[in-house]
Amino acid sequence: MQASFDVRLLDSTYEVVQKETPQGNDREDVIVKLYGKTRENKSVTILCPDFKPYFHVFEPTGELRKTLESHEDVLSVSDVKLEYKGSVEEFLEVKVRAPWLVPRFRSDHELQHKTIYLENPPAELLEQLRAEQDVSDVIPGHEVKVSTIDRVYSQKLIHKYGLFKYMDAKEQEKFRSKGTFFAADIVFTNRFIYDMDMETCISVKGEVIETKSQYTTDIVLKASEFGKCDIFTPGLKIMSFDIESSIKYGNIYCICLTVLDEATGAIEERMISSVFGPRTEDMSPGEKDDRDEDERRMLREFIEEVRKLDPDIITGYNINNFDLAMLYDRSNLLLGNNNNNNGEKQKKPAGEFMTIGRDSLGLTRRENRTTGFVNWDLKGRIVLDAWLSVKKELRPKREGLGYVSAMLFNDTKDNINSTKMDEEWVNRRDEVVKYCLKDADLALRILTHPRINTVNKLMDVAIPSKLPVKEVSGGQNRMIESLLIRMVDREKIAVPMSTGETYDYEGGFVYETKPGLWEWVIGLDFSSMYPSQIIKHNICFTTVTKNKDEAEHVSPMNAFFLPHEKRHGIVPRMVEGLLTSRKQAKAMMKQAKADGDSDKAEYYNRLQNAIKVLSNATYGYFGTKFCRWPFNKYIAPSITAWAREEIRMVVSTLESRGYTVIAGDTDSVFFTSKDHRNVEDCKLLGFRIQQEFSEGNMHLELEKIMERFFAHAKKRYFGKIIWPEETLLIRGYEPRRTDSFDLQSETMTKVFQIVLEGKPDDAVNYSKDTIENTLKGRIDLSSLVISKSVNDFDSYDNPDSLVHVNVAKRLQEMGYEFTPGMKTPFIITNASVQPIKAEPIIEGVPFTARPDYKYYAERLAMALSRITEAFGCDERTLMQGNSQRTLEFFCEEKPVIKAEPAAGKEQSKKIKQTATLDMFM
DNA sequence: CGAATACGGGG
DNA sequence: GTGTACGTATTCG
């Protein structure tokens with residue numbers, strides 16, 4: 001049956017299938033598969049045959065051309081002309097049978113060298129080589145060493161001057177059947193999406209396949225035609241799940257899941273639990289088998305439910321590190337046919353049995369080699385860990401499910417002691433299952449909470465980046481490349497591969513902060529500083545020139561860019577497109593607001609934000625080693641250099657007019673004026689300066705006015721904003737450490753408050769008092785507790801040097817049970833020795849040891865001094881209290897309070913500030 | 001001081 | 001998957 005759908009793309013993959021040829025023999029073939037959701041909220045699998053992988057090779061030698069032409073895996077070769085570094089060059093387009101063959105061709109034929117060694121070349125040739133623009137060095141000698149700036153130019157030189165005859169056999173080997181590969185690292189399905197010019201929403205026509213075979217989606221469609229369609233945002237099915245298990249025995253007790261269908265608001269819940277109690281050490285083989293069989297049943301039930309419910313998103317709390325690993329390990333162990341004849345475990349592709357992907361394939365695990373970070377993938381579904389979303393969006397001080405739930409919706413986990421799950425499972429089985437479901441529910445509510453809203457945000461950025469939603473959940477690279485590669489392809493420009501080279505360059509300008517407490521501070525910033533610089537100076541890999549004469553833009557780091565009229569760069573055009581569509585989105589938002597359509601307004605607000613993310617990421621992309629474009633080492637540094645020039649100009653103009661600039665970073669400046677001491681005056685001044693410095697596509701904007709502003713160092717400040725809205729601003733102080741003790745964060749918060757009330761003297765006193773109380777032990781023990789989790793002892797390189805590991809060892813010696821990964825609370829008792837000594841906190845046992853109050857006081861002083869230093873009170877002074885030495889110390893210091901005196905009625909403040917000094921003396 | 005290492009979170 | 005992206009505080013050297 002023929003049908004047509006509008007589809008929002010969620011994921012893409014490919015499959016190798018057997019295809020019958022007219023000759024009757026089977027041949028491997030590739031089909032692209034797209035997964036998505038239709039406008040009617042139906043899940044769909046789209047099968048797209050007839051697309052083949054291809055790549056380009058620069059000016060291949062005769063040998064390489066012959067090898068490729070006659071290779072059994074090569075479907076076709078054709079000559080194409082593509083632009084590379086400003087010139088049109090000859091390339092060979094090579095179409096191959098399957099994506100996984102491309103890396104194989106690369107390893108067999110990719111040229112690795114850009115230095116050529118020549119034996120006895122004539123002197124005349126050497127002169128010619130030296131004169132070549134792209135030769136960076138010619139070192140004469142027995143063997144002449146010719147270095148070029150990239151492999152393409154090595155190839156060009158060899159061809160142009162017939163250099164093979166001056167190369168020995170070994171040297172020839174490096175170049176003979178090798179070539180420089182282009183576009184051979186573009187993920188196959190992305191290549192498909194770019195070439196078909198698909199966006200995140202497509203319209204597709206094709207034949208509905210009635211027997212769904214392995215697919216779990218509502219619809220399976222064999223595509224015959226693709227078209228454009230308007231953007232829409234279907235309701236997704238979001239599943240959250242949680243597993244309770246035994247650490248000791250490794251088995252699963254229960255799996256609970258909850259599924260929200262955004263389209264209808266309906267929620268479905270499932271609880272799958274074991275009929276057995278905990279395992280024991282002395283179980284008989286028969287008992288063990290029964291329990292294994294029971295767990296097998298649970299896993300199978302889980303798989304069946306997921307396939308039936310067919311969610312688009314799978315979430316849970318810390319599922320990347322725990323629950324998914326649990327499913328993976330247990331299904332490998334229990335569902336694999338590991339009970340074969342000789343009892344040996346059969347090696348199977350891992351995750352294969354957890355068949356919950358939309359194509360019935362299993363769970364795949366990817367571990368980052370350097371970070372150890374684990375990523376899970378299910379075809380057609382998007383795996384999102386609510387924990388990671390929370391970290392990214394909220395940066396809460398503690399990241400536990402209970403803490404975050406309390407913070408977001410004042411709800412909390414059920415009362416189950418998860419560290420004693422075996423015990424809880426014996427005594428309160430029903431409650432554990434409820435607790436498990438509750439956790440799944442909390443994770444779902446967190447992921448969809450307005451302040452987190454991960455699913456919507458991903459759906460949104462997918463729009464301007466024109467990609468399936470799963471693609472944008474990875475990194476920003478892919479989003480930028482999605483836009484760039486399409487433009488570049490259309491204009492017949494070659495797509496080089498990243499060389500992975502890194503280079504250091506200077507970043508944004510950071511003004512040396514004037515520490516102190518200030519009043520009536522005006523904050524301005526350039527909107528979209530980096531994108532604006534790209535546009536202003538036509539910065540692009542297509543506009544770089546070595547010829548200063550034809551350049552219109554000369555960056556402060558001496559890179560030259562062509563005038564916009566001569567060649568309008570691809571990157572500036574891309575960024576302009578983004579800024580324009582952001583303006584449109586903002587206008588739509590305004591319109592929707594005016595119409596009273598708050599949902600629509602909210603949508604356009606998120607969309608404009610997504611576009612902002614994308615346009616800002618453009619600069620970042622050119623600064624990474626993954627950036628594939630030539631001249632990238634001129635692009636990012638030129639952007640930042642021009643930006644530094646721009647903001648410096650503002651700073652120096654303001655200073656030349658007698659205003660005091662207090663802080664500034666990359667695109668922002670904070671300053672204060674003696675003659676503007678109220679909101680209205682500050683607004684007038686701010687707007688005047690905004691107008692003065694906004695020119696062309698650069699827009700300096702009055703962002704905020706602060707009644708009080710405290711700055712202590714670069715990137716560390718807080719303030720009380722009173723315009724355009726009254727809010728608190730805190731930067732760089734976020735006390736986000738879970739291993740800090742309560743007293744520290746509580747005191748810090750209190751000190752912020754006092755400072756912003758305009759009472760720095762009180763803040764210093766409060767700090768001193770708290771430190772003194774701590775030193776003298778007049779402090780609640782519970783506010784000193786530090787809690788850290790302790791892993792397997794032998795997982796540490798140097799376990800004895802770590803306090804928390806030693807505490808866990810002591811717990812074990814004292815006869816308490818210790819489970820690796822367990823959170824261990826303790827109080828430091830002696831920090832003057834190495835390793836630091838601490839005593840564990842044990843529930844129900846009174847803490848009798850004496851805390852190392854000096855240690856705690858010092859840590860407090862260290863944290864608080866970052867603020868009090870601005871008032872002339874450093875860490876040492878804080879520790880010394882009001883002693884005579886304090887006084888001496890202060891006498892040598894320059895004036896401490898830097899608040900600008902307020903005019904007229906505010907005079908009393910000045911007196912108070914003097915009083916602060918008096919107090920110290 | 002910059003580089004290396006560990007944590008967080010889950011049961 | 002035609003790859004290679006945690007962010008941050010503390011300790012180490």
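Per chain, numbering begins at 1; letters A, B, ... match sequence-line order.
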Lys/Arg N to Asp/Glu carboxylate O, A/K413 vs A/D439, below 4.0 Å
yes

Over all strands shown, is A/F192 touching base, sugar-phosphate only, or nothing at heavy-atom distances under 4.0 angstrom?
nothing

Describe the nucleic acid contact of A/A183 in one word from base, sugar-phosphate, nothing, applying a heavy-atom distance below 4.0 Å.
base

Modelled atom types, side-chain donor and acceptor of A/D422 and A/Y253, under 3.5 Å
yes

Side-chain N,O (A/R478) to OP1/OP2 (C/dT2) below 4.0 Å
no

Touch class at under 4.0 angstrom, heavy-atom based, for A/R366 against every strand present:
base

Would you kindly say whether A/S274 and A/D294 are connected by a side-chain donor-acceptor distance under 3.5 Å?
yes

OP1 or OP2 of B/dC7 under 4.0 Å from side-chain N/O of A/Y796
yes

Under 4.0 Å: is that the gap between some side-chain N or O of A/S789 and OP1 or OP2 of B/dG8?
yes

Over how many whole Å does the gap from A/R365 atom CZ to C/dT4 atom P extend?
20 Å

Looking at every strand, decide which applies to A/D242 at a 4.0 Å heavy-atom threshold: base, sugar-phosphate, or nothing.
sugar-phosphate

Base, sugar-phosphate or nothing for A/T189? Non-hydrogen atoms, less than 4.0 Å.
nothing

Out of B/dG10, C/dT2, B/dG8, which has the shortest distance to the side chain of A/E399?
B/dG8

Identify whether any heavy atom of A/Y253 sits under 4.0 Å from a base atom; if not, whether one sits that close to sugar-phosphate; answer base, sugar-phosphate or nothing.
nothing

Once you round it to whole Å, what is the distance between P of B/dC7 and CG of A/N318?
15 Å

Closest of B/dG10, C/dC6, C/dC12 to the A/K391 side chain is C/dC6

Considering just the side-chain nitrogens and oxygens of A/Y403, establish if one lies under 4.0 Å of OP1 or OP2 belonging to B/dG9.
no

Please check the phosphate of C/dT2 (OP1 and OP2 only) for any side-chain N or O of A/N190 closer than 4.0 Å.
no

So what does A/Y54 touch, heavy atoms closer than 4.0 Å: a base, only the sugar-phosphate, or nothing?
base

NA contact type, A/I319, heavy-atom cut-off 4.0 Å: base, sugar-phosphate, or nothing?
nothing

Check every strand shown and say whether A/T419 touches a base, only sugar-phosphate, or nothing at a heavy-atom separation below 4.0 Å.
nothing

Would you sort out whether A/V16 and A/D29 count as a side chain to side chain contact (heavy atoms under 4.5 Å, CB included), showing the intermediate values?
CA-CA 5 Å; A/V16 179; A/D29 193 25; over 6 Å; no

Name the closest nucleotide to the A/W387 side chain, picking from C/dC12, B/dG8, B/dC7.
B/dG8

Using whole Å, what does the distance between atom P of nucleotide C/dT4 and atom CG of A/D377 come to?
16 Å

Whole angstroms only, please: what is the CD1-C1' distance between A/I193 and C/dT2?
14 Å

Any idea which of B/dC7, C/dT2, B/dG10 is nearest the A/H804 side chain?
B/dC7

Which residues pass the side-chain hydrogen bond (donor to acceptor under 3.5 Å, both in side chains) test with A/W387, sequence neighbours left out?
A/E399

Please report the distance, rounded to the nearest Å, between CZ in A/R106 and P in C/dT4.
9 Å

Lys/Arg cation over aromatic A/F793: A/K809, 6.0 Å, 45° cone:
yes

Would you classify A/Y317 as touching base, sugar-phosphate or nothing, given that sugar-phosphate means primed atoms plus P, OP1 and OP2, and contacts are heavy atoms under 4.0 Å?
sugar-phosphate

When rounded to whole Å, the CG to C1' distance for the pair A/L388 and C/dG7 reads 11 Å

For the pair made of CG in A/D800 and C1' in C/dC12, what is the distance, rounded to whole Å?
16 Å

Contact class for A/K413 vs. all strands (heavy atom < 4.0 Å): base, sugar-phosphate, or nothing?
sugar-phosphate

Applying a 4.0 Å non-hydrogen cut-off, can you work out what A/N477 is touching in the nucleic acid: base, sugar-phosphate, or nothing?
base

Looking at every strand, decide which applies to A/L401 at a 4.0 Å heavy-atom threshold: base, sugar-phosphate, or nothing.
sugar-phosphate

At under 4.0 Å between heavy atoms, what does A/P99 touch on the DNA or RNA strands: base, sugar-phosphate, or nothing?
base

Would you mind reading off the distance between A/I416 atom CD1 and B/dG10 atom P, rounded to a whole angstrom?
15 Å

Between A/E15 and A/L361, is a side chain to side chain contact (heavy atoms under 4.5 Å, CB included) present by the stated rule, with each step listed?
CA-CA 11 Å; A/E15 187 184 10; A/L361 290 184; over 6 Å; no

